[in-house]
Amino acid sequence: CSLREAISVAVDGDSIVFTLGLSGTIVLSTPLTIAADITISATNNLPITVSGNDLVRIFTIQPGAVVQLTYLKLDHGYVMDDNGGAILNN
């Protein structure tokens, strides 16, 4: 499934782990919203890049959610205000 789908069905305590050997860039057209306590992980030798494509913020974390990101490169996030182009932690 896609990263967006995995995030949308995740519940507290879930881990989203990219398949070993997978690499590349996920390009977003809308932000990814996280509402659960989750971990998203790639591997240290092949990080995954998540790009806002200079158009959108990458992650919006809802109030009360605790999120751990491991070996992800956040690139080209964008917002028109001062609230973070990569991550907005509510």
What one should report as the nearest heavy-atom pair of Ala42 and Pro47 is CB-CA, 4.3 Å

Will you find, in the side chains of Glu5 and Ser2, an N or O donor that is under 3.5 Å from an N or O acceptor?
yes

Should Val79 and Val50 be regarded as members of a common hydrophobic cluster, given that ILVMFWY residues are connected when their side-chain heavy atoms come within less than 4.5 Å of each other, either directly or indirectly?
no

Fill in: Joint cluster assignment, Leu88 & Leu74, ILVMFWY side-chain distance < 4.5 Å
no

The reported gap from CD1 in Ile7 to SG in Cys1 (rounded to nearest 0.5 angstrom) is 9.5 Å

For residues 53-66, please give each side-chain donor-acceptor pair under 3.5 Å, one per line with the distance, not counting sequence neighbours.
unit_1	atom_1	unit_2	atom_2	d
Asp54	OD1	His76	ND1	3.0
Asp54	OD2	His76	ND1	3.3
Arg57	NE	Gly84	O	2.8
Arg57	NH2	Asn83	O	3.3
Arg57	NH2	Gly84	O	3.3

4.5 Å side-chain heavy-atom contact, Thr39 and Val67
no

Taken to the nearest 0.5 Å, the spacing of Ile38 CD1 from Ser15 OG works out to 8.5 Å

Nearest heavy-atom approach of Asp37 to Asp12 is N-OD1, 2.8 Å

- Check for a donor-acceptor pair, side chain of Arg4 on one end and backbone N or O of Thr33 on the other, with a separation under 3.5 Å. no

- Task: Decide whether Ile40 and Leu22 are clustered together by the hydrophobic rule: side chain heavy atoms of Ile, Leu, Val, Met, Phe, Trp, Tyr closer than 4.5 Å, transitively.
- Result: yes

Open item on the list: Please check this pair: side chain of Asp75 against backbone of Ser51, looking for a donor-acceptor N/O pair closer than 3.5 Å.
Closed with: no

Determine whether Thr49 and Ile26 make a side-chain contact, defined as any pair of heavy atoms from C-beta on separated by less than 4.5 Å.
no

- Checking side chain to side chain contact (heavy atoms under 4.5 Å, CB included) for the pair Phe18/Leu3: CA distance, chi angles, key distance, verdict? CA-CA 9 Å; Phe18 289 95; Leu3 177 57; 4.1 Å; yes

